[in-house]
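In what follows, a single structure is set out as structure tokens and then discussed.
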Amino acid sequence: MSVEPEIIQRGLRNRSREIMDAVQGGQSFTVTRDGRPIGRLVPLRRRRFVSRQEFAAMSRAAPEIGLGTFRADQDTTADAYLDDPCAR
């Protein structure tokens, strides 16, 4: 997992075009003020429509997992989200 670069508030103001270009290219940043994180700049996820046939084909090729494994994966994801102060 890569660490997001931090950018101070003044740097965001002075380099906004450069930073927005980086965000558009997929880079995320943590914005700080007085040395403390205050927000995140993250690229928007663009959703792509998947047809029913394409979804069915992907599902047939997916590995089978048990309910316990699925629930454990969901719990791990939820815990990571709840532990992230920037996610709220």
Side-chain angles (χ1 to χ4, degrees):
M1 185 173 142
S2 64
V3 175
E4 289 178 358
E6 290 187 355
I7 183 150
I8 60 173
Q9 182 181 5
R10 179 178 295 157
L12 176 59
R13 183 183 68 227
N14 294 338
R15 299 173 38 217
S16 63
R17 180 179 176 93
E18 173 189 345
I19 293 164
M20 291 299 130
D21 287 346
V23 171
Q24 186 175 14
Q27 177 68 56
S28 297
F29 295 90
T30 299
V31 181
T32 63
R33 178 189 291 160
D34 299 326
R36 292 185 303 262
I38 60 168
R40 293 175 62 212
L41 288 173
V42 296
L44 292 176
R45 293 182 182 161
R46 293 199 167 81
R47 297 183 188 256
R48 179 177 78 85
F49 177 77
V50 177
S51 71
R52 175 179 274 171
Q53 293 80 13
E54 188 177 356
F55 179 78
M58 289 186 296
S59 297
R60 282 191 294 275
E64 222 174 281
I65 63 168
L67 180 59
T69 301
F70 176 76
R71 294 193 104 168
D73 286 348
Q74 294 295 305
D75 288 343
T76 299
T77 301
D79 290 344
Y81 177 81
L82 293 173
D83 291 341
D84 183 357
C86 294
R88 288 182 222 117

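Positions are given from 1, in the same order as the sequence printed here.
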| note | Sorted by chain and number, sequence neighbours left out, side-chain hydrogen bond (donor to acceptor under 3.5 Å, both in side chains) with Gln24 holds for none
| query | salt bridge (Lys or Arg N to Asp or Glu O under 4.0 Å): which pairs involve residues 5-19, sequence neighbours left out? | reply | Arg15-Glu18
| message | Measuring only between side-chain heavy atoms, which start at C-beta, is Thr32 closer than 4.5 Å to Ile7? | response | no
| query | In the hydrophobic clustering that connects Ile, Leu, Val, Met, Phe, Trp and Tyr at side-chain heavy-atom distances below 4.5 Å, which members other than Val50 occupy its cluster, ordered by chain and number? | reply | Phe55, Met58
| message | Please find the pair of heavy atoms, one from Pro5 and one from Ser28, that lie closest to each other, and give the distance. | response | CD-O, 3.3 Å
| task | May I ask whether Phe29 and Ile38 are part of the same hydrophobic cluster, defined by side-chain heavy atoms of I, L, V, M, F, W, Y residues being less than 4.5 angstrom apart, directly or through others? | result | yes
| task | Only counting residues at least two apart or in another chain, list the ones meeting side-chain hydrogen bond (donor to acceptor under 3.5 Å, both in side chains) with Gln74. | result | none
| query | Are Leu41 and Val31 close enough that some pair of their side-chain heavy atoms sits under 4.5 Å apart? | reply | yes
| query | Has Leu44 got more than 12 heavy atoms of other residues, nucleotides or ligands less than 6.0 Å from its CG? | reply | no
| said: To check you understand the geometry: which heavy-atom pair defines the closest contact between Ile19 and Gly11, and what is its length? | reply: CD1-O, 3.7 Å
| task | May I have all residue pairs that pass side-chain hydrogen bond (donor to acceptor under 3.5 Å, both in side chains) and include part of residues 50-70, sequence neighbours excluded? | result | Arg48-Glu54
| task | Could you pull out all residues at least two apart from Gln9 that satisfy side-chain hydrogen bond (donor to acceptor under 3.5 Å, both in side chains)? | result | Arg33
| request: Measure the OG1-CD1 distance between Thr30 and Ile8 for me, rounded to the nearest 0.5 Å. | output: 14.0 Å
